[in-house]
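Just so it is clear: chains get the letters A, B, ... in the order the sequence lines come, proteins before strands, and each one is counted from 1.
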2 protein chains.
Amino acid sequence: MEGKGVQVLDRALDIIELLSVERDGLGVTEIGLKLDLHKSTVHRLLSALAGRGYIERDDNRGAYRLGLKFVEIGSLRLNQLELKTEASSYLRRLANTVGQPVHLAILRGLDAVYIEKIDPVASIRMYSQIGKRIPVYCSALGKCLLSGLGKDELESALAGIEFTRFTAKTKTTVGEVRADIEGAKRRGWGLDDEEHEAGIRCIASPVRDYTGRIIAAVSVSGDRRVIAADRDEETAGVVMETAAEISKRMGYVPGMEE
Amino acid sequence: MEGKGVQVLDRALDIIELLSVERDGLGVTEIGLKLDLHKSTVHRLLSALAGRGYIERDDNRGAYRLGLKFVEIGSLRLNQLELKTEASSYLRRLANTVGQPVHLAILRGLDAVYIEKIDPVASIRMYSQIGKRIPVYCSALGKCLLSGLGKDELESALAGIEFTRFTAKTKTTVGEVRADIEGAKRRGWGLDDEEHEAGIRCIASPVRDYTGRIIAAVSVSGDRRVIAADRDEETAGVVMETAAEISKRMGYVPGMEE
DNA sequence: AAACACCGTTCCATATTATGGAACGTACGG
DNA sequence: CCGTACGTTCCATAATATGGAACGGTGTTT
């Protein structure tokens with residue numbers, strides 16, 4: 001076959017990704033219709049995946065849905081990240097101090113990927129999700145992560161951005177984003193001023209490792225009345241403190257960055 | 001080919017599961033050796049998986065490891081569980097009240113699968129993991145989950161248990177486990193008295209839904225000096241209270257079971 | 001109660017794909 | 001500088017996955 005894929009694998013992954021957004025599961029025929037696959041093909045792939053726990057049947061309706069094996073594999077992958085393991089208790093402490101959701105993210109391509117999310121006790125806001133991505137140009141986390149790139153790498157990354165205007169305040173030019181990144185680098189913290197989600201502001205600070213490189217970023221986010229602009233320096237202070245503690249834990253010695 | 005599987009899919013899943021326990025990733029040749037696959041086959045499958053984010057290359061060494069796509073899919077699956085979404089804030093409250101790790105689990109076959117895990121701020125104990133399984137016969141969660149089965153279904157389940165002695169206190173006969181389950185049913189809470197992990201005790205209580213059926217269990221666990229035997233009734237009280245609140249949230253009306 | 005429609009499941013001839021052997025380029029160690 | 005091992009690519013062909021047909025079961029309609 002053409003291209004880089006393997007047909008059976010691509011079909012199976014298509015099924016998996018389809019079911020990952022279908023809360024109530026789907027039947028064989030419906031999966032086949034949505035993915036333009038013969039139902040006997042679908043059935044065979046589902047059976048194979050089910051045999052290993054990646055797919056399960058709904059108890060009542062018989063619909064197929066993702067199995068909990070994905071949860072297990074996802075957790076195993078997350079726990080391979082030493083950074084996350086080391087950072088968790090600092091993040092919990094920050095969440096309780098600030099009383100707002102706290103995230104840890106790493107850079108993947110042109111996105112920040114959430115690898116930890118701590119909600120304070122009273123919080124029930126569920127927008128972000130571990131494993132999800134947010135574009136670098138309109139997130140505090142993303143700007144911090146980009147601030148760790150070398151000049152050439154940064155320009156290359158900026159050149160690759162395809163802008164989507166999420167809110168009235170979304171930055172949509174390379175120049176604006178570059179300026180924000182430089183500001184993040186200078187201050188030691190980055191800002192999302194309702195650029196990704198209207199009404200939501202976010203402050204992040206970078207985490208470094210023993211080589212001095214930026215490997216992650218920590219953020220606090222919340223309603224613009226809670227993460228109020230007039231208290232940004234104060235909020236940024238506690239975020240930077242937490243990021244510094246995690247950095248230290250990862251072997252970073254202040255002053256060693258390039 | 002023979003059996004229920006699909007060869008390409010089984011090979012890809014073998015690679016995925018191998019990498020899920022290899023923190024530093026592996027090379028093509030090494031994967032091939034471990035799975036008895038030709039390196040050109042391995043390379044093709046890795047490339048196909050990498051193209052969709054399920055595999056990534058280590059920045060430095062070039063080793064292959066799982067991609068963060070698994071984290072995303074795992075989180076999407078978890079978030080499809082309405083129970084988990086609804087329960088999270090109650091569990092956080094319980095963790096802070098008791099100051100010990102709290103879990104939520106559901107029944108899958110003869111295991112309790114952790115679908116939520118809350119560590120209090122100061123805790124760094126990392127034994128359990130979301131997505132992991134613990135056998136029903138030697139866990140408080142498992143005994144609570146089994147207590148919701150009908151008589152025939154329970155006997156069938158008990159007949160299927162293959163006992164492993166984890167500690168000196170592990171129950172290893174069907175009679176002992178049946179007695180524990182009946183005790184859990186009578187009291188409204190179940191106990192793991194160092195049966196799975198030496199020195200660790202655990203108290204759990206079942207969660208019901210609007211049909212009155214047991215759909216999950218909540219637990220608190222910790223060192224036997226902290227979850228001390230002489231205070232079990234007290235600890236159980238707060239666990240049952242949390243389980244009752246979650247049950248209520250899931251539409252359960254007290255008195256409607258059976 | 002019978003007929004109909006649709007779904008999930010199974011089987012198998014064959015079309016199509018995945019395989020693995022050979023070869024190549026690169027990087028690392030001696 | 002040379003040898004070794006790894007990752008990568010290509011392609012003839014062996015082996016597998018496909019999908020068409022058929023079946024049983026369930027729910028709905030007449």
Under 4.0 angstrom between B:Arg44 side-chain N/O and D:dG7 OP1 or OP2: no
Distance flag, aromatic centroids of B:Phe163 and B:Tyr137, threshold under 6.0 Å: yes
Intermediate values then yes/no, salt bridge (Lys or Arg N to Asp or Glu O under 4.0 Å), A:Asp209 and A:Lys248: CA-CA 8 Å; A:Asp209 70 1; A:Lys248 188 174 174 182; over 6 Å; no
Could you list the protein-to-nucleotides 20-23 of chain D atom pairs, N/O on both sides, closer than 3.5 Å?
from	atom 1	to	atom 2	distance (Å)
D:dG20	N7	A:His38	NE2	3.2
D:dG20	O6	A:Ser40	OG	3.3

Salt bridge (charged side-chain N to carboxylate O under 4.0 Å, His left out) pairs, two or more places apart, involving residues 146-155 of chain A: A:Glu155-A:Arg178
Closest-nucleotide 5' rank along DNA chain C - winner of A:Tyr64 and A:Leu9: A:Tyr64
Residues that B:Gln80 engages under side chain to side chain contact (heavy atoms under 4.5 Å, CB included), provided they are two or more places apart: A:Arg23, B:Arg77
Axis deviation across the helix from C:dA1-D:dT30 to C:dG30-D:dC1, five-pair ends, to the nearest 10°: 40°
SB check A:Arg65 A:Asp24 (cutoff 4.0 Å): no
Chi angles and distances behind the side chain to side chain contact (heavy atoms under 4.5 Å, CB included) call for A:Ile31, A:Lys39: CA-CA 8 Å; A:Ile31 293 170; A:Lys39 62 183 182 176; over 6 Å; no
Partners passing ring pair (Phe, Tyr, Trp, His ring centres under 6.0 Å) against B:Tyr54 (at least two apart in sequence or in another chain): B:Phe70
A:Gly53 versus A:Lys69, closest heavy-atom pair with distance: O-CB, 3.0 Å
Salt bridge B:Arg108-A:Glu56, side-chain N to carboxylate O under 4.0 Å: yes
Pair A:Asp36 + A:Arg11: basic N to acidic O under 4.0 Å: no
Nucleotide D:dA17, atom P - distance to CG of A:Leu49 in whole Å: 13 Å
side-chain N/O A:His43 vs C:dT9 OP1/OP2, d < 4.0 Å: yes
Phosphate contact (C:dT16 OP1 or OP2) by A:Arg11 side-chain N/O below 4.0 Å: no
Close residues, residues 14-30 of chain B, relative to DNA chain C [heavy-atom separation under 4.0 Å]: none
